[in-house]
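All heavy atoms count here, side chains included; hydrogens, waters and symmetry mates do not.
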Amino acid sequence: MIESRGRRDWEVPVTVAELVNGGPLAGARMWGTGENPVRQVRIVDDLATLGSVPPHTAVVLVGQAASGGWAVEMAMRRAWEQAAACVIASSAGMSAGSGAGLAERLGVTLIFVDEDPLVTAVRVASAAARPEAARTQLVARCATRLAEAGPSARRVLGVLNSELQGNAVALLDPWGSHLAGRRAQGLSLAEVDIPDASGGTLAILVAHGSFQSPGWPSVVNAVLALAVTPLIAWAAIERLAAERDVALQSALATRLLTLASSRTSPYGRIGDGGEGSVPQGAAPGTPPEADPEASGDGTLARAVALRWPVGGPLTAYAIRPHDADLDDLQMIGSIIAATVGPGPVLRREESWAGWSALPPERLAIRLAECLAVLPMPCAAGVGAQVPDLGTMDESLLGAEAAAFVSPAGVVARADRMGPAKLLAALPGGVLRAPAQMILGPLLSVDRDGTLLETLTAVLDEGGASRAAERLGVHRNTVTTRLERIRAAGFDVDDPGTRLALHLAAHVLRSRPVV
């Protein structure tokens, strides 16, 4: 991020690019870098008068000087000799022609405008004479449009990207992953934090692009700051809506998990090498999105607005009522959210579930406090800590299994319970569908069931040698099968996935796979 150096930056001369991307020449067609400063304007109707044009002048062609492509090219050559800032001509009856090539070779920017060049000359002259006023006008226009946009992330990002042309403005989560807006291109010009209710960082508004003038980063920073209030309001409205509607939370959380487990997710999945650890402000190197909330159809942005943790490590939990109908317990979701802390609360089969950024030991303490205030007897389970949302299903699976075997009023941790104890109390139907989902890639290549049998034996016995003795095969045979299991995307040595694999293998081995 380039720090603002104060209001004095607003007084430096405007550049041609700044006039086109955020000033009176907005919407004009430009060829060339536009990096030259503009100190004054000269209206030229006779090419002979170009010999007296001082440096850093915006030359506006009218009359004979703008009578055709040949005249424009001659004007550009003369402008280059005089170190002019740019050449401006009417677009009527004109095509870029060789002028675009000349702009690149000579370093003189060529601009075609649709309005009367004389009107353009007046507007550019005003901006050149009073650069601070021109920049203030841009900020004021953005303030008006942002007020009209209201508390909507989509509309706010749309305003910023349309007004700050030539720049890419995006909303990132606190871990630097893209949520909404255009994906980063160019250098980082400005960053503004969007605070949450607790004083932390809810999200980060970032602008990338070229340095159109020394004062441009300061102007961009001022514009981004205007967007903080409507984005805070947007986040508050999202939170209120979700708190009133548990079904909305469940739908959003389910969609988020589906997104996280897909190969298009910025949070990756098991064995997929996703981008869950994108450095703050990093540029993914992809073209700008046409839809300002194209990332996950806005799901990630809404989750961040709700203060849900979306960057790892994460821990799942489950709360299961004893002898109660979940349909009659809508208030439980609000109680859980108030005691457990930021995170989703969703309905899953016979339990309430969610995830937290807290480690398992601290989450277990929060859940114990929650069980003490719930209006009916409930049990709770805590899953193993996982690195990201892409592996959340494993933690949820363990949490639900632990809650299922736990007595009322007790919080059980899946990472401290043996698989045999869990399986002794769980009917196969409870975990069969999740088990098939987890082991799906293995089942697709395990034609005769030997890989599943080997995986179960290795996890039961704690190693390849004892598994070989149990299976009655050579140790090298087990090693070869383990390589095939790893090739399918499963690491039996990873403590974060071993419990889920162990449970899933036992569930599927207890009944033939259909």
Side-chain angles (χ1 to χ4, degrees), residues 269-273 313 315-316 318 359-361 364 381-387 390-406 412-514:
R269 69 177 194 177
I270 299 176
D272 198 34
T315 308
E361 57 274 12
V382 179
Q385 193 172 59
V386 292
T391 51
M392 179 52 63
D393 278 331
E394 298 176 21
S395 188
L396 285 168
L397 178 65
E400 289 169 334
F404 193 91
V405 301
S406 178
R413 287 181 54 176
D415 58 351
R416 292 184 176 177
M417 302 181 70
K421 182 177 181 181
L422 293 176
L423 289 168
L426 286 174
V430 173
L431 294 179
R432 187 161 189 78
Q436 287 181 320
M437 179 195 69
I438 291 174
L439 293 177
L442 180 64
L443 298 177
S444 65
V445 298
D446 187 18
R447 301 303 180 188
D448 57 2
T450 56
L451 295 183
L452 180 59
E453 181 185 36
T454 301
L455 175 63
T456 306
V458 170
L459 292 173
D460 281 348
E461 302 297 335
S465 297
R466 295 176 59 182
E469 294 178 5
R470 167 173 156 176
L471 297 173
V473 298
H474 194 277
R475 187 181 186 281
N476 289 343
T477 301
V478 173
T479 301
T480 300
R481 292 176 182 175
L482 281 176
E483 290 302 320
R484 292 181 60 193
I485 293 171
R486 291 189 177 95
F490 301 97
D491 184 0
V492 297
D493 298 320
D494 180 8
T497 62
R498 191 163 48 232
L499 174 61
L501 292 178
H502 206 169
L503 288 171
H506 270 283
V507 168
L508 296 186
R509 285 280 295 165
S510 66
R511 188 181 305 173
V513 179
V514 179

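- When side chains are defined from C-beta on, Val458 counts as touching Thr454, because their heavy atoms get closer than 4.5 Å.
- Here the CZ atom belonging to Arg413 is positioned 8.5 Å from the OG1 atom belonging to Thr315, to the nearest 0.5 angstrom.
- With values rounded to the nearest 0.5 angstrom, Glu483 atom CD is found 9.5 Å from Ile485 atom CD1.
- The side chain to side chain donor-acceptor pair (under 3.5 Å) pairs that include a residue from residues 437-448 are Asp448-Thr450, where partners are two or more places apart or lie in different chains.
- Counting only heavy atoms from C-beta outward, the side chains of Leu471 and Glu461 never approach each other to under 4.5 Å.
- Residues Ala505 and Leu439 come closest through the heavy atom pair N-CD1, 3.7 Å.
- When the salt bridge (charged side-chain N to carboxylate O under 4.0 Å, His left out) test is applied to Glu469, no partner is found at least two apart in sequence or on another chain.
- Summarising the geometry of Ala399 relative to Gly383, their closest heavy-atom pair is CB-N, 3.5 Å, with the distance given to 0.1 Å.
- Note that OG of Ser395 and CD of Glu400 are 10.0 Å apart. Values are rounded to the nearest 0.5 Å.
- With contacts defined as side-chain heavy-atom distances shorter than 4.5 Å, the pair Val492/Leu455 qualifies.
- If you take CD on Glu394 and CG on Leu397, they are separated by 8.5 Å, rounding to the nearest 0.5 Å.
- The side chain to side chain contact (heavy atoms under 4.5 Å, CB included) test applied to Ser406 returns Ala379, Val410, Ala412, not counting sequence neighbours.
- Considering Asp491, Ile438, Leu442 as possible partners of Leu501, the one that fulfils the side-chain contact (heavy atoms from CB on, under 4.5 Å) test is Ile438.
- Between Ala318 and Ala403, the shortest heavy-atom distance links the atoms O-CB, 3.8 Å.
- Taking every heavy atom of both residues into account, Pro441 and Ala488 meet most closely at CB-O, 3.6 Å.
- Taking Thr480 as the reference, nothing meets the side chain to side chain contact (heavy atoms under 4.5 Å, CB included) condition, with sequence neighbours excluded.
- For Pro359, the side chain to side chain contact (heavy atoms under 4.5 Å, CB included) partners at least two apart in sequence or on another chain are Glu361, Arg362, Gln385.
- The salt bridge (charged side-chain N to carboxylate O under 4.0 Å, His left out) search around Arg484 returns none, not counting sequence neighbours.
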